[in-house]
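Notes to accompany the following structure.
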Protein chains: 2
Amino acid sequence: MEDSRAADGGRQRPTLEMVAAEAGVSRGTASRALNGGHNVSRRAMEAVQAAATRLGYRPNLAARSLVLGRSGSIGLVVSESDERLFSDPYFATVARGVHAELMAHDVQLVLALAQTPAERERMLRWSAGRPLDGVIIISVHGADPLPGAIATEGVPVVIGGAVEGPDRDIPGLASVDADNLTGARSAVEHLVSRGRTRIGHISGPLDMVVGRDRLEGWRSVVSGLPGGAPQTLTVEGDFTEAAGAEGARRLLAAHPDLDGVFTANDVMARGALSALQQAGRRVPQDVAVVGFDDLPGTEGISPGLTTVRQPVIEMGRQMARTLLAMVEGLPLAERHTVVPTTLVVRETS
Amino acid sequence: MEDSRAADGGRQRPTLEMVAAEAGVSRGTASRALNGGHNVSRRAMEAVQAAATRLGYRPNLAARSLVLGRSGSIGLVVSESDERLFSDPYFATVARGVHAELMAHDVQLVLALAQTPAERERMLRWSAGRPLDGVIIISVHGADPLPGAIATEGVPVVIGGAVEGPDRDIPGLASVDADNLTGARSAVEHLVSRGRTRIGHISGPLDMVVGRDRLEGWRSVVSGLPGGAPQTLTVEGDFTEAAGAEGARRLLAAHPDLDGVFTANDVMARGALSALQQAGRRVPQDVAVVGFDDLPGTEGISPGLTTVRQPVIEMGRQMARTLLAMVEGLPLAERHTVVPTTLVVRETS
DNA sequence: CTGTTAGCGCGTTCAT
DNA sequence: ATGAACGCGCTAACAG
């Protein structure tokens, strides 16, 4: 098979062996010259680099991974429908933070989707094969077994969001989350301080920890109010604008005297805002609104929205930093990081 | 180093060798048993599978890629800012089509971003290292050298969009595009048939072929109208809603008698729609509007919008099919595919 | 049907 | 500073 050629009608891809031959050195020297260049004479160095350029040499990453036990790339896996992935600015913002940190460390970021059970199974098999040095998983619903399963395969995992249950104790699994409970409380307390007494909540999906945490924050404050925290003051949403609008309508129907709304994210706040206005309510005079997120670059989404800011880009960076540390085998100061939030008061409250 | 252990505090990851030993067969037999199972006795088959399960064996993908010369995954690279990637439903839709087709062929899809020059350089180096069997590139701006460069490295490339210039002749590079010229013409001709005579165009980025093609389609029809196709009837947009609104305002300012607008995509149409209404124009009575795309699931974006439908999901599938064929080394019927569009008339015209 | 062997391309000892 | 040799984990080709 001396004559085996690539399917691309070209000649055989140059290997390190060929570069070495071209440069008149051994493969070992060529390898050293190309990485770091320690213990290599100037002459050899230059000869190798010239040969590599001349031949258009590109190191085969599979071979390198095999010997190094590392691929130099990490994955961002999203357990979410592609619609939401591409429509909710939250994902883009996390990705931006992760991306920024990884670029600084010269590691390649790949995004992958794992929506259906079949895909999650495939994702497990795939990542267990170690094409990635580690994975960041965001938007975890329910008691999703995927993160724990991947971590158990020996692949470091960082979850964007909180981790409950036994997964917390898996050594190869870390997390970065905002302090949703405190953040939600600050939002509702702010509404209370503004004299609001009938405060509804449009929650996130209740199969997500983030949804339950923000709901709990709301409840803990509202339950201290005269009217208490009846079921009817809460509507479950799914973080989409449509859910925000629908939620506001339902709250209004159940409580015409509604004077405040806390939504679990800003996208739903936008939906609520337009529904409230369509219902003839003035914001904030009749009903005050507070959201959650305050993502950079989304001022256009809901101008003047009072909201709870979580530093999403920085959280993304933190996820990446944590993961890289785990890949290096470094000890972590804390496996489960909680980041504080900030209330940002604007015109809607 | 007999005792080298993984950093995850666990024992050595099981290799095929260990599975074979556990099953009491040779590595060759174990390999055959695990893939396809040809020429393997029932007994051996079962023993190997049992051993693999017992040990929690996961094949090392790097090793497999190295010998097979194939990774079993392909990349979708987006030359776009993460904001647009995540905000324009077009990308999600292409991704859905690509994804669907790849899943059917059991190949893993990975998304990667290549925005800045530095990132594009890194992307070239990375893909040349063959971690991917092929690459689909969408949203190509200007005379981007990246696709051609990757193809020249022997990695099959399919471009989502048109290809101009010398890249068309690179054997390892194919493309799938809508018939933008004809599509745009049909949109404008439709407006003309509705009696419109003052038809403006809000274009896509003119550094993209798709932007220029749709503009040209508009021009070819409008230039035959009494008023001709003056510069002022065109505004360059960037496919965002804000650009659509701004574009409509500028068109209105230059041509108060504007009675039709063709936008290069539906997202901009939405922006234009609200700007027109804010300016007191009724749609379609005063100004008729036609967009481009008609992506599934976006009825909520611009209800009742007349538009030029391009079958984006199917185009995504076609990109994947084409790429897979190239990876297999199969001959292509046509390297540069052009897909027809359909005018969909609704209430805005 | 099965075991043995030969690489895939590369980084890294270990001598020199 | 350099070359020779080894092995990463796996599949395929070859004998049996």
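Computed over heavy atoms, backbone and side chain alike; hydrogens, waters and symmetry mates excluded. Order of the sequence lines sets the chain letters (A, B, ...), proteins ahead of strands, with each chain counted from 1.
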Give a yes/no answer on whether the side chain of [X] brings an N or O atom under 4.0 Å of OP1 or OP2 in [N].
{"X": "B/T15", "N": "D/dC8", "value": "no"}
{"X": "A/N60", "N": "C/dC8", "value": "no"}
{"X": "B/S31", "N": "D/dT11", "value": "yes"}
{"X": "B/S26", "N": "C/dG3", "value": "yes"}
{"X": "A/R64", "N": "C/dC10", "value": "no"}

Heavy-atom closest pair, residues B/S79 and B/H141:
O-CD2, 3.8 Å
Whole-Å distance separating the [atom1] atom of [X] from the [atom2] atom of [N]:
{"X": "A/N35", "N": "C/dC10", "atom1": "CG", "atom2": "C1'", "value": "9 Å"}
{"X": "B/N39", "N": "D/dA12", "atom1": "CG", "atom2": "P", "value": "12 Å"}
{"X": "A/L34", "N": "C/dG11", "atom1": "CG", "atom2": "P", "value": "8 Å"}
{"X": "B/L66", "N": "C/dG7", "atom1": "CG", "atom2": "P", "value": "14 Å"}
{"X": "B/M18", "N": "D/dG7", "atom1": "CE", "atom2": "P", "value": "17 Å"}
{"X": "A/R42", "N": "D/dA1", "atom1": "CZ", "atom2": "P", "value": "13 Å"}
{"X": "A/E46", "N": "D/dA1", "atom1": "CD", "atom2": "C1'", "value": "15 Å"}
{"X": "A/R13", "N": "C/dG9", "atom1": "CZ", "atom2": "P", "value": "9 Å"}

Rounded to 10°, tell me the angle between the two end axes of the helix from C/dC1-D/dG16 to C/dT16-D/dA1, each built from five pairs.
40°
Under the criterion side chain to side chain contact (heavy atoms under 4.5 Å, CB included), which of B/L132, B/L76, B/I136 is the partner of B/L109?
B/L76
Check every atom of C/dT2, D/dT2, C/dC10 against the side chain of A/P59 and return the nucleotide holding the closest atom.
C/dC10
Decide side chain to side chain donor-acceptor pair (under 3.5 Å) for A/E80 and A/S139; before the verdict, give the C-alpha distance in whole Å, the side-chain angles of both, and the deciding distance to 0.1 Å.
CA-CA 7 Å; A/E80 195 66 63; A/S139 199; 2.3 Å; yes
Under 3.5 Å, is there an N or O donor on one side and an acceptor on the other linking the side chain of [X] and the base of [N]?
{"X": "A/R32", "N": "D/dG3", "result": "yes"}
{"X": "A/R27", "N": "C/dG11", "result": "yes"}
{"X": "A/R58", "N": "C/dG9", "result": "no"}

Base, sugar-phosphate alone, or nothing: which one does A/A62 contact when heavy atoms must sit under 4.0 Å apart?
nothing
Ionic contact status for [Y] with [X], cut-off 4.0 Å:
{"X": "A/R321", "Y": "A/E314", "answer": "yes"}
{"X": "A/E153", "Y": "A/R125", "answer": "no"}
{"X": "B/E46", "Y": "B/R42", "answer": "yes"}

Hey, does the side chain of A/R58 reach the backbone of B/L124 with a donor-acceptor pair shorter than 3.5 angstrom?
no
Using modelled atom types only, decide if a donor and an acceptor are shared between the side chain of B/D133 and the backbone of B/S71 within a distance under 3.5 Å.
yes
Sorted by number, residues from residues 67-75 of chain B placing a heavy atom under 4.0 Å from DNA chain C are B/V67
Side chain to side chain donor-acceptor pair (under 3.5 Å) between B/T322 and B/Q318: does it pass, once the steps are laid out?
CA-CA 6 Å; B/T322 304; B/Q318 175 69 28; 3.3 Å; yes
Is there a side-chain contact between A/P147 and A/L173, using heavy atoms and a 4.5 Å cut-off?
yes
